[in-house]
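Have a look at the structure below, then the notes.
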Number of protein chains: 2
Amino acid sequence: MKTYQPRLLQEDLYSIPIDAFFKSAFSVDCVIFGYHEAELKVLLIQRGTEPFENYWALPGDLVYPNEDLDSAALRILNDLTSLTNIPIQQVKTFGKVDRHPLGRVITIAYLALVEPTDLAPHASSWASDTRWHPIDDIPQLAFDHREILEVSLEELRSRILHEDLWSKVLPAKFSLTQFQELFETILGKTFDKGNFRKKVVKFKFLQKLEEAQRGVSHRPSLLYSFDAKRYQEMKANGFSFEF
Amino acid sequence: MKTYQPRLLQEDLYSIPIDAFFKSAFSVDCVIFGYHEAELKVLLIQRGTEPFENYWALPGDLVYPNEDLDSAALRILNDLTSLTNIPIQQVKTFGKVDRHPLGRVITIAYLALVEPTDLAPHASSWASDTRWHPIDDIPQLAFDHREILEVSLEELRSRILHEDLWSKVLPAKFSLTQFQELFETILGKTFDKGNFRKKVVKFKFLQKLEEAQRGVSHRPSLLYSFDAKRYQEMKANGFSFEF
DNA sequence: AAAGCTTTTTGTATAATTTACAATTAGTGT
DNA sequence: ACACTAATTGTAAATTATACAAAAAGCTTT
């Protein structure tokens, strides 16, 4: 791999054949967070091939030269875990020279937050297993995936305040307690229940329904639904959560 | 370039030689914003070489296979504009298949905010010119650089609220009016002077000095300095601006 | 059926902050 | 001395945050 000077003299710059640059590859890695009942998990695969065979890893693979990055992320996620239609977004690119043993490979990390119970990931292609891991109990990971995961978790915490990453992980009708638990779990904080509610009921995008919880052995909570249109309007006006 | 199927059947996956993936390149592009006296500019170069010869463009170039991304960005910025020691940070990776006419090249965008008057960029290497352009008067740009610039400007606006991108563009001793102008210019809003001041004087990281402005034909303003240590402490505790 | 349990929901009093201005102040220029 | 400009301070009303306490609505147990 190390056939180029790290720094060339100026007069040499034009003498490098352009082909010399086209010897690299890039991959995508998907950080799929799952939230269900106040638990945050991340989807990992077990690698069935070298390098890092048998290690747990983020689902990811090399991108074809004629493939857009976003499509590649969805395609690879589907190849390895059979998941489809996951709303991913780019996080950051990791590019240390020696991060991949087979050559120069930089990787673009993507993240998503999903509801794991209505998905059924199963290993395919070269993945030998796929499993949800609690966010505070992660095994040793392949490559630099531990770092990628940590950066992505920070991004999740930040982005969930500024955009709608969360509405799909709640049931269509949810209680304010469920709403609060979601943010408490992901942000790793707790809030005063009465005050949290008072803050949140003023948000126009939480629609109070006529319906209430049933079959619980305590006072049933009223249910709310999410008005995505109102949320987008408010976001366009600069709204973001401040918890 | 288009020698691979966009989507392969699963049984074919293992049959692709690994070398087939190592035919791509990546570049970095630097979005260097300059702030001086309530004006926001961006540093562009004029390309002295194909493709897009004579077009204005963000300073950027291909990354060597043995070069880290961050170092490459600094090296390339120096090659093209002679600037050194610019505190850059990664923004986003742009990877459309056909964004570069010479082959598959994805680009990692970097941004910085600097004070243009204490820098002296001058064109070198294949750049034929380099110049600060006001942010609201940008010529046609090479490649997808217009999009990169727009995304980076949005990121600048967001990040300046959450981290110290700004302290180096103010003089060591500055007035609260200067402080306010900086945020007004970058965010594109205006604030009530009295209220803005009342908000920021409570920030522990703005140190009131004994000194005042001199030689102005009105009441001179008191000067402040920035306490970076205090700011980092507050940031660690979750502080961010809310204007 | 009454009492108890649990969690939701509402209330409340106080403190703190925001907002929209108006008034004052400290320089320079005439 | 007076006008001018921009900095600085002040202020009253409205709004929001905070720390709790009380009440309510179901189920469960006695």
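Below, read A as the first sequence line, B as the second, and so on, with proteins coming before strands; counting in each chain starts at 1. All values below come from the heavy atoms of this structure, side chains included, with hydrogens, waters and symmetry mates left out.
Residue Thr177(B) is in sugar-phosphate contact alone, with no base atom involved, counting any heavy-atom pair closer than 4.0 Å across all strands shown. At a threshold of 4.0 angstrom between heavy atoms, the contacts of Leu176(A) with the nucleic acid are absent.
Under a 4.0 Å N-O distance rule, the pair Lys96(B)/Asp68(A) does not qualify as a salt bridge. Salt bridge Lys173(B)/Glu211(B): present, at least one basic N to carboxylate O contact under 4.0 Å.
Here side chain to side chain donor-acceptor pair (under 3.5 Å) pairs that include residues 222-243 of chain A, with residues two or more places apart or in two chains, number zero.
Asp192(A) has its CG atom 11 Å from the P atom of dA21(D), to the nearest Å. Taking atom CZ of residue Phe179(A) and atom C1' of nucleotide dT9(C), one finds them 17 Å apart after rounding to whole Å. To the nearest angstrom, P of dT7(C) lies 11 Å from CD of Glu181(A). In this structure, CD of Gln213(B) is placed 9 Å from C1' of dA6(D), rounded to the nearest angstrom. The separation between Phe191(A) atom CZ and dA17(D) atom P is 13 Å, rounded to whole Å.
The neighbour count for Phe203(A) CZ, taken as heavy atoms of other residues, nucleotides or ligands under 6.0 Å away, is above 12.
Between Phe243(A) and Phe196(A), the gap from one ring centroid to the other is short of 6.0 Å. Taking the six-membered ring wherever Trp is involved, the centroid distance between the rings of Trp56(B) and His145(B) does not fall below 6.0 Å.
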Quiz item: What's the verdict on ring pair (Phe, Tyr, Trp, His ring centres under 6.0 Å) for Trp166(A) and Tyr35(A), showing C-alpha distance, side-chain angles and the deciding distance?
Solution: CA-CA 9 Å; Trp166(A) 48 268; Tyr35(A) 174 84; over 10 Å; no

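Within residues 195-203 of chain B, the residues having any heavy atom under 4.0 Å from DNA chain D are, by residue number, Arg197(B), Lys198(B).
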Quiz prompt | Footprint string (nucleotides 22-30 of chain D, 5' to 3'): B base within contact, S backbone only, - free, heavy atoms under 4.0 Å | solution = --BBBS---

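Thr93(B) has its side chain out of reach of Phe26(B): every pair of non-hydrogen atoms, C-beta onward, lies at least 4.5 Å apart.
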